Amino acid sequence: MSDLFATVRNHVLDALRAVVPDLPDEILARVEVTPPRDPAHGDMATNAALVAAKPAKMAPPKLAEALVNALRQVPLLAEVASAGPGFINLRLQQSALQALLPEILHAGIHYGDSQTGAGRRVNLEYVSANPTGPMHIGHCRGAVVGDALANLMQKAGFDVTREYYINDAGNQVQALAWAAYWRYLQAIGISISEEDFAAQAPGGLQYRGDYLVPVGEKLAAAYGDRLAPGGVVADPAGWLDLVRDFTIEAMMSEIREDLAGLGVRQEVFVSERKMLESGAVDRAIDILTAKGLIYQGILEPPKGKLPDDWEAREQTLFRSTNFGDDVDRPLRKSDGTNTYFANDIGYHADKLARGADILIDVWGADHGGYVSRMQSAVKALAGDSNVTLDVLLCQIVHVMREGVPVRMSKRAGTYVTLRDLIDWVGRDAVRFTMLMRKPDAQMEFDLDAVVAQTRENPVFYVQYAHARCRSVLRGAAQSLGADRVSDHALASADTSLLQSAPELDVMRRLMAWPRLVEGAALAREPHRIAFFLYELAGDFHMLWNRGKDDAALRFLQPEDTKGTLARLALVACVAGAIRSGLAVLGVEPVEEMR
RNA sequence: GCACCCGUAGCUCAAUUGGAUAGAGCACCAGACUACGAAUCUGGGGGCUAGGGGUUCGAGUCCCUUCGGGUGCGCCA
């Protein structure tokens with residue numbers, strides 16, 4: 001399938017090589033063929049003369065003129081002109097645009113697929129919420145961004161593994177086990193006040209939410225009172241591991257359900273505990289030790305206000321400063337167990353060992369301070385293999401309801417779970433809205449705007465455009481017969497009949513889709529897909545209304561079957577492109593609005 | 001105090017990764033239904049891209065700096 005931008009870019013490169021032989025590759029790589037900012041400039045523009053002027057030792061306008069003369073020989077191009085400081089504006093033959101439609105119809109949902117990432121394996125880790133409670137709205141953004149990015153990169157040809165890291169080792173899950181045990185005691189009729197129990201549990205009672213009540217009941221059903229003989233808090237040695245594993249399993253099952261409700265699917269779940277037990281962490285640290293990157297040392301105290309209990313202490317450190325980090329980072333806690341970072345090194349080493357060319361982690365913004373040390377570790381482990389770690393930080397989501405912020409507080413009981421959110425606005429609205437923002441910008445999520453059925457609500461606006469397309473095609477199927485308006489049949493329509501400005505504008509938008517997919521995938525920016533769909537929907541709604549002003553522009557022309565079929569081909573292309581984009585976002589296209 | 005992210009129309013956000021005169025929606029004003037779905041569309045006003053300096057053919061984008069918001073800062077994950 002052809003990307004017209006890529007095709008034209010090749011023509012530009014040919015012309016450039018002809019005019020200026022022996023240009024270095026890095027100059028050629030900077031040559032772009034892009035949609036023009038102002039449609040009056042044509043269908044495409046290239047910066048070729050600007051980037052090549054210096055190495056060619058020519059003034060940009062002069063080089064542009066030479067390129068214009070060469071490009072005028074290309075049959076695909078109807079107009080070629082230099083402009084401004086040395087841009088070259090290009091206008092395609094109408095036939096080139098019209099020829100796009102059968103291709104789109106044949107490609108169907110695969111329109112925009114590319115081979116940009118072919119042969120490159122991506123390990124994409126996202127969500128990785130701690131199994132200590134239900135998912136809330138804070139986890140949601142990362143889940144949606146990660147999932148859409150996985151779809152996007154697959155569409156661009158990458159071989160993507162979707163992964164979830166279960167933080168089931170360490171103090172947090174011990175505390176979870178104690179909290180579940182408290183609920184278990186209640187379930188078997190032993191009532192201990194929060195305060196009394198908190199005094200007995202190491203670290204106190206950290207998880208007081210009632211989501212653990214069913215877990216306690218299940219424990220009671222499975223074990224009776226055997227975990228608390230004599231009706232008292234038993235020695236944890238006899239129950240802690242069991243209760244912990246049981247509870248983690250229960251929480252993960254809830255999380256998987258929540259993810260399924262959001263339409264997020266991951267095929268690999270890695271347990272931190274199992275990874276640790278397998279020796280993967282030790283092996284990774286051995287590798288770093290062999291490279292001389294591990295040492296015993298004393299860190300400088302942090303600047304500014306010191307933690308109360310700070311004292312100078314020698315510890316095991318990773319030399320992350322060799323790879324751009326600010327300070328070296330500790331691998332062992334004072335009790336001898338691993339820091340989270342040490343285990344994460346093991347985990348990333350494991351990802352590398354399983355075979356990946358690109359690692360991507362999607363994290364919450366509160367982990368921003370952690371990025372450079374993890375990238376340092378991956379650089380150290382990857383050595384010459386050039387595997388990189390990209391980290392996407394998802395910023396805070398402020399939830400608004402009726403114009404006022406919804407505070408995220410467990411204590412105040414205004415804790416918005418992912419399930420609440422989906423129940424309130426629906427899966428598609430959650431996903432689309434989250435994807436209308438760059439991940440690294442804070443966003444406001446207005447619960448009322450997201451369910452509004454107006455242009456203000458992009459998910460509605462795009463769905464409506466698709467529904468309108470389908471509505472026309474349904475109507476045409478009635479009058480012309482379904483077999484004549486299938487995508488396959490419409491692919492042989494005479495699209496040269498489509499010559500009006502708004503029709504050609506839609507084709508230009510459709511033409512940009514493959515290039516947009518590639519760019520978004522390379523930049524790891526799924527939100528561009530959402531914006532493209534919003535703009536395509538706008539083009540289509542405008543075209544539709546042109547038909548209201550001028551009956552000659554309506555899709556269905558009873559006296560002109562050939563013209564009708566040509567227009568239906570365009571409509572079917574719009575619907576197909578919308579489906580193709582919504583598939584990336586993980587949003588369902590709808591046949592009609594209800 | 002230090003590091004990272006961010007700052008664009010009154011509001012919510014884009015800007016093809018350094019490209020031409022910074023664009024959409026909401027809100028405001030004025031219009032289009034005898035109609036393939038008006039839940040839509042057309043037109044209008046609205047900007048020193050937080051401030052200042054630098055890099056070059058060219059900066060919202062890169063560098064320095066000031067201000068403002070967010071996040072984090074050895075034994076939480």
Side-chain angles (χ1 to χ4, degrees), chain A residues 5 30 32 34-38 41 45 47 50-51 53-54 59-60 83-87 89 128 130 132 167 169-173 175 272 298-305 307 309-313 315 317 325-327 329-330 332-337 339-341 343-344 364-372 393 395-396 400 436-438 440-444 446 449 452-458 460-461 464-465 467-468 471-476 512 515-516 519-520 522-523 525 527-528 531 534-535 538 541-549 551 554-557 567 571 592-593:
Chain A
F5 285 93
R30 288 180 55 207
E32 288 186 313
T34 63
R37 192 158 260 179
D38 184 346
H41 292 151
N47 61 350
L50 290 166
V51 301
K54 192 170 284 182
F87 287 98
N89 292 327
S128 300
N130 291 351
T132 52
N167 296 133
N171 296 331
Q172 295 304 311
V173 287
E272 180 184 6
I298 300 175
L299 286 179
E300 293 290 309
K303 305 284 187 237
K305 54 178 184 287
D309 58 349
W310 195 91
E311 58 181 88
R313 175 177 289 130
Q315 50 192 343
L317 297 169
D325 201 2
D326 300 324
V327 292
R329 305 292 180 173
R332 310 264 188 236
K333 303 180 201 169
S334 56
D335 66 2
T337 61
T339 59
Y340 180 79
F341 178 49
N343 287 355
D344 223 0
D366 54 343
H367 290 58
Y370 196 79
V371 173
S372 63
L393 292 179
Q395 287 287 340
I396 309 291
M400 304 288 287
M436 278 296 283
R437 299 288 176 264
K438 265 191 306 206
D440 55 3
Q442 295 177 36
M443 71 171 287
E444 210 165 274
D446 186 329
Q453 305 211 331
T454 68
R455 177 164 193 169
E456 186 181 358
N457 180 5
F460 169 80
Y461 188 72
Y464 184 39
R468 272 182 152 178
S471 172
V472 173
L473 291 165
R474 276 195 303 272
R515 182 175 182 276
L516 188 121
L522 293 174
E525 291 187 344
H527 74 278
R528 293 193 200 177
F531 276 91
Y534 186 65
E535 285 164 0
H541 286 307
M542 185 178 78
L543 181 62
W544 180 290
N545 269 67
R546 290 296 172 91
K548 290 185 171 303
D549 300 334
R554 296 181 60 172
F555 302 128
L556 302 178
Q557 300 287 334
R567 288 157 206 232
V571 172
E592 50 189 338
M593 309 303 289

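Just so we're on the same page: letters track the sequence lines, and every chain starts at 1. Quick caveat: nothing in here was measured; it's all calculated off a predicted structure.
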Exercise. On a whole-Å scale, what distance lies between the P atoms belonging to B/U17 and B/C13?
Worked result: 24 Å
For this session: List the steps, then state whether side-chain contact (heavy atoms from CB on, under 4.5 Å) holds for A/Asn167 with A/Val173.
Result: CA-CA 8 Å; A/Asn167 296 133; A/Val173 287; over 6 Å; no
Give every pair of a protein N or O atom and an N or O atom of nucleotides 40-50 of chain B that lie under 3.5 Å apart, one pair per line with the distance.
residue: B/U40; atom: OP1; partner: A/Arg455; partner atom: N; Å: 2.7
residue: B/U40; atom: O2'; partner: A/Arg468; partner atom: NH1; Å: 3.1
residue: B/U40; atom: O2'; partner: A/Asn545; partner atom: OD1; Å: 3.0
residue: B/U40; atom: O2; partner: A/Asn545; partner atom: ND2; Å: 3.1
residue: B/C41; atom: OP1; partner: A/Arg455; partner atom: NH1; Å: 2.8
residue: B/C41; atom: OP1; partner: A/Tyr461; partner atom: OH; Å: 2.2
residue: B/C41; atom: O4'; partner: A/Asn545; partner atom: OD1; Å: 3.3
residue: B/C41; atom: O4'; partner: A/Asn545; partner atom: ND2; Å: 3.3

Exercise. Rounded to the Å, how far apart are A/Tyr370 OH and B/A77 P?
Worked result: 10 Å
For this session: Would you mind reading off the distance between A/Asp326 atom CG and B/C2 atom P, rounded to a whole angstrom?
Result: 12 Å
Problem set entry | Distance between C1' atoms of B/G68 and B/A77 (Å, rounded) | 31 Å
Exercise. According to the interplanar angle, ranging from 0 to 90°, do the rings of A/Tyr464 and A/Phe460 count as parallel (below 30°), tilted (30 to 60°) or perpendicular (above 60°)?
Worked result: parallel
Exercise. Which base sits across from B/C2 as a Watson-Crick or G-U pair, both distances under 3.5 Å?
Worked result: B/G72
Exercise. If the C1' atom of B/G46 is compared with that of B/G25, how far apart are they to the nearest Å?
Worked result: 14 Å
For this session: Determine: side-chain N/O of A/Lys54 to OP1/OP2 of B/C57, distance under 4.0 Å, yes or no.
Result: yes
For this session: Please measure how far the C1' atom in B/A30 lies from the corresponding atom in B/C48, and state the result in whole Å.
Result: 30 Å
Problem set entry | For atom CG of A/Asp446 and atom P of B/C26, their distance in whole Å | 14 Å
For this session: Assess A/Arg515 against A/Phe5: is NZ or CZ under 6.0 Å from the centre of the six-membered ring, and within 45 degrees of the ring's axis?
Result: yes
Exercise. Going through the checks in order, is the side-chain contact (heavy atoms from CB on, under 4.5 Å) test met by A/Glu300 and A/Val327?
Worked result: CA-CA 9 Å; A/Glu300 293 290 309; A/Val327 292; over 6 Å; no
For this session: Taking atom C1' in both B/G60 and B/U16, compute the distance separating them and give it to the nearest angstrom.
Result: 14 Å
For this session: Between B/G37, B/G74, B/C5, spot the one nearest the side chain of A/Glu311, thanks.
Result: B/G74
Problem set entry | Residues forming a salt bridge (charged side-chain N to carboxylate O under 4.0 Å, His left out) with A/Asp446, sequence neighbours excluded | none
For this session: If a protein heavy atom is under 4.0 Å from the base, mark B; if only from the sugar-phosphate, S; if neither, -; do that for nucleotides 9-21 of chain B going 5' to 3'.
Result: ---SSSSBB-BB-
Problem set entry | Whole-angstrom distance between B/G31 and B/G70, as gauged at atom C1' | 44 Å
Problem set entry | Residue pair A/Asp325 / A/Ser372: nearest heavy atoms and the distance that separates them | OD1-OG, 2.7 Å
Problem set entry | Over all atoms of both residues, closest heavy-atom pair of A/Asn47 and A/Glu32 | OD1-N, 2.8 Å
Exercise. Does B/G7 have a Watson-Crick or wobble mate here (both distances under 3.5 Å), and if so which one?
Worked result: B/C67
Exercise. Paired with B/C36: which nucleotide, if any, by Watson-Crick or G-U wobble criteria at under 3.5 Å for both distances?
Worked result: none
For this session: Check whether any side-chain N or O of A/Ser471 sits under 4.0 Å from OP1 or OP2 of B/G37, and answer yes or no.
Result: yes
Problem set entry | Span that lies between the C1' atom of B/G18 and that of B/A59, in whole angstrom | 7 Å
Exercise. Under 3.5 Å, side chain of A/Glu272 to main-chain N/O of A/Asp344, donor-acceptor pair present?
Worked result: no
For this session: Could you check whether A/Tyr534 gets within reach of a base, just the sugar-phosphate, or nothing at all, counting any heavy atom under 4.0 Å?
Result: sugar-phosphate
Exercise. Across all strands, who's sitting opposite B/A30 as a Watson-Crick or G-U wobble pair, both distances under 3.5 Å?
Worked result: B/U42
For this session: Report the relative orientation of the aromatic rings in A/Tyr461 and A/His541; use parallel for angles under 30°, tilted for 30 to 60°, perpendicular for over 60°.
Result: tilted
Exercise. Expressed in whole Å, how much space separates the P atoms belonging to B/U66 and B/A3?
Worked result: 10 Å
For this session: Assign A/Leu556 to base, sugar-phosphate, or nothing according to its heavy-atom contacts below 4.0 angstrom with the strands shown.
Result: base
Exercise. Which nucleotide, in any strand shown, forms a Watson-Crick or G-U wobble pair with B/A14, with both distances under 3.5 Å?
Worked result: none
Exercise. Is A/Arg332 touching bases, backbone alone, or none of the nucleic acid, heavy atoms closer than 4.0 Å?
Worked result: nothing
